[in-house]
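These values consider heavy atoms only, across backbone and side chains, with no hydrogens, waters or symmetry-generated copies. So that the names make sense, note that chain A is the first sequence line, chain B the second, and so on, each numbered from 1.
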Amino acid sequence: SQKIEQNSEALNIQEGKTATLTCNYTNYSPAYLQWYRQDPGRGPVFLLLIRENEKEKRKERLKVTFDTTLKQSLFHITASQPADSATYLCARDDKIIFGKGTRLHILP
Amino acid sequence: KAGVTQTPRYLIKTRGQQVTLSCSPISGHRSVSWYQQTPGQGLQFLFEYFSETQRNKGNFPGRFSGRQFSNSRSEMNVSTLELGDSALYLCASSPTGGGRSYNEQFFGPGTRLTVL
């Protein structure tokens, strides 16, 4: 079946370090992937979109990569801050399939 | 521009009842999608409406239905509620949405439904 998998359910990172989250897809070739942030009790908020022909995309402290050979996208937050603590979701291009998310905790 | 609004924000129902949730998309957005979010299953796609037509449907039983009005507002209905329907129901709008269009989705705050 077609899946989006985010390997880590939860991730603890020390403040100031780079957090790296993983999104893997199977049995599908997305034209692009999207990353969202979700805070408790709120709806997801769009962060970045990366197309299949883009190797890397950046937005401020955020960086996303897309490797069609590995069928994987990596989401990086550099110089992480406690305010970055949230759940991060990866979504397929048709917005039908989302990963279950990774709960990121930035430890002060 | 106002964001996506959902009403009510919280709802408590008992098994067997039915419920209607409402979503008002961002002005000018024609696509509205609905999702169910639970701790165990994550975010699961229910259906998408575009210009009053259901364009896509997820793998949910027929008890879950929806509709979209000419002003793009959307409602979803769940009949004969079951305990397992307890979840956060999220609606998202996008300008055109659908398929692999390069549109981000804007999510509402959700309706927290509890079935007792």
Problem set entry | side chain to side chain contact (heavy atoms under 4.5 Å, CB included) evaluation trace for B:Leu90 with A:Gln38 | CA-CA 12 Å; B:Leu90 291 159; A:Gln38 185 174 24; 4.2 Å; yes
Exercise. Are A:Phe98 and B:Tyr35 close enough, and set up right, to give a side chain to side chain contact (heavy atoms under 4.5 Å, CB included), and what steps lead you there?
Worked result: CA-CA 10 Å; A:Phe98 278 71; B:Tyr35 298 86; 3.6 Å; yes
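Hydrophobic clustering, with ILVMFWY side chains joined whenever heavy atoms are under 4.5 angstrom apart, keeps B:Leu88 apart from B:Val4. Both A:Val64 and A:Ile13 are members of a single hydrophobic cluster when ILVMFWY side chains are connected at heavy-atom separations under 4.5 Å.
How far CG of B:Leu43 is from CD1 of A:Ile4: 12.0 Å, rounded to the nearest 0.5 Å. Interatomic distance, A:Leu48 CG to B:Glu104 CD, rounded to the nearest 0.5 Å: 10.0 Å.
By the neighbour-count criterion of 12 heavy atoms within 6.0 Å, atom NZ of A:Lys17 is sparsely surrounded, having that number or fewer from other residues, nucleotides or ligands. Counted within 6.0 Å of CZ on B:Arg63, heavy atoms from surrounding residues, nucleotides or ligands total more than 12; the atom is thus considered enclosed. By the 6.0 Å contact criterion, CD on A:Glu9 is open, its count of non-hydrogen atoms from other residues, nucleotides or ligands being 12 or less. Within a 6.0 Å sphere centred on CG of A:Asn27, other residues, nucleotides and ligands contribute more than 12 heavy atoms. Residue B:Arg73 qualifies as enclosed at atom CZ: its count of foreign heavy atoms under 6.0 Å is above 12.
Across A:Gly99, A:Gly101, A:Pro44, the residue that shares the most heavy-atom pairs under 4.5 angstrom with chain B is A:Pro44.
Ring-centre distance between B:Phe107 and A:Phe46: not below the 6.0 Å cut-off.
In this structure, the portion of B:Arg9 lying under 4.5 Å from any heavy atom of chain A is its side chain and not its backbone. Only the side chain of B:Gln37 comes within contact range of chain A, with heavy atoms under 4.5 Å apart.
The backbone N or O of B:Gln105 lies less than 3.5 Å from a partner atom in the side chain of A:Tyr36, making a donor-acceptor pair. Between the side chain of A:Lys100 and the backbone N or O of B:Gly40, at least one donor-acceptor pair lies under 3.5 Å.
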